[in-house]
Amino acid sequence: MVETAGIGRISAACFATIGIEQAHPGWLSGAGFESMFHAMPKEEQIVTEGTVTQVLPGTMFRVDLPGQRNVLAHISGKMRKHFIRIVPGDKVSLELSPYDLTKARIIFREQ
């Protein structure tokens with residue numbers, strides 16, 4: 001028997017007749033979500049350093065990187081949680097997204 005959200009209990013024989021077990025092996029045996037769907041590995045973040053040049057609304061910052069690059073960055077959750085203040089001129093460590101090199105997350109403020 002399998003407990004479903006809206007239908008109630010359905011027997012394994014009912015699933016066998018419509019071929020669910022062949023399409024999703026392990027579904028009836030109580031296997032978890034992870035065994036049914038294989039997650040793709042995440043891309044690695046690019047870690048770099050920069051200098052904050054401008055403070056924007058909504059905890060967003062304009063950060064200059066070495067080599068005349070400029071990115072839009074936001075504060076990471078831990079820094080937001082611990083009320084880490086960032087002002088123009090601070091040296092910060094950033095994680096750049098490999099998908100969009102103009103956006104970043106500030107992960108550390110240098111002392």
Side-chain angles (χ1 to χ4, degrees):
M1 292 296 237
V2 175
E3 187 72 31
T4 58
I7 302 171
R9 291 186 178 166
I10 300 175
S11 69
C14 181
F15 280 115
T17 59
I18 59 174
I20 296 284
E21 182 62 32
Q22 287 81 24
H24 301 287
W27 195 63
L28 295 176
S29 64
F33 178 78
E34 295 83 18
S35 65
M36 289 184 356
F37 301 99
H38 301 287
M40 290 184 60
K42 288 189 173 185
E43 292 283 329
E44 290 293 321
Q45 300 290 323
I46 303 165
V47 179
T48 186
E49 291 188 2
T51 305
V52 176
T53 56
Q54 187 179 11
V55 179
L56 303 171
T59 65
M60 300 290 279
F61 300 89
R62 185 70 59 191
V63 180
D64 280 341
L65 301 178
Q68 301 296 328
R69 300 206 63 188
N70 201 343
V71 296
L72 184 64
H74 67 274
I75 302 176
S76 69
K78 290 272 187 175
M79 291 183 71
R80 200 176 296 216
K81 178 181 172 184
H82 295 290
F83 298 106
I84 305 296
R85 304 278 184 212
I86 298 175
V87 295
D90 282 350
K91 293 188 67 143
V92 293
S93 294
L94 302 165
E95 284 184 347
L96 287 169
S97 168
Y99 302 109
D100 187 2
L101 295 175
T102 62
K103 302 249 168 55
R105 177 186 307 122
I106 298 173
I107 56 171
F108 185 76
R109 179 178 66 95
E110 305 280 331
Q111 293 294 333

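No experiment lies behind these values; they were computed from the predicted model shown.
One finds the NZ atom of K78 at 13.0 Å from the CD1 atom of I107 (value rounded to the nearest 0.5 Å). Here the straight-line distance linking atom OG of S76 with atom NE2 of H82 works out to 9.5 Å at 0.5 Å rounding. Of the inter-residue distances, the one linking K103 atom NZ with L96 atom CG reads 12.0 Å to the nearest 0.5 angstrom. For the atom pair L72 CG and F61 CZ, the distance stands at 10.5 Å (nearest 0.5 Å).
Residues R80 and T59 have side chains in contact (heavy-atom distance under 4.5 Å, counting atoms from C-beta outward). Taking the side chain as every heavy atom from C-beta outward, L94 and L65 approach each other to under 4.5 Å. Contact annotation: the side chain of K91 never approaches that of R109 to less than 4.5 Å [non-hydrogen atoms, C-beta and beyond]. Taking the side chain as every heavy atom from C-beta outward, M79 and I86 approach each other to under 4.5 Å. For the pair V55/P88, a side-chain contact is recorded, criterion being any heavy-atom separation below 4.5 Å from C-beta on. Considering only heavy atoms from C-beta on, R69 comes within 4.5 Å of L101 through its side chain.
The side chain to side chain donor-acceptor pair (under 3.5 Å) test applied to T51 returns no partner, not counting sequence neighbours. Residues that satisfy the side-chain contact (heavy atoms from CB on, under 4.5 Å) test with E44, not counting sequence neighbours, are absent from this structure. For R62, there are no side chain to side chain donor-acceptor pair (under 3.5 Å) partners at least two apart in sequence or on another chain.
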>> For V63 and V92: C-alpha separation, side-chain torsions, deciding distance, then whether side-chain contact (heavy atoms from CB on, under 4.5 Å) applies.
In response: CA-CA 9 Å; V63 180; V92 293; 4.2 Å; yes
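Both I84 and I75 belong to a common hydrophobic cluster when Ile, Leu, Val, Met, Phe, Trp and Tyr are linked at side-chain heavy-atom distances under 4.5 angstrom.
Between A104 and V71, the shortest heavy-atom contact is CB-CG2, 4.2 Å. Of all heavy-atom pairs spanning E95 and V47, the tightest one is CG-CG2, 4.2 Å. Closest of all the heavy-atom pairs between P66 and E49 is CD-O, 3.2 Å.
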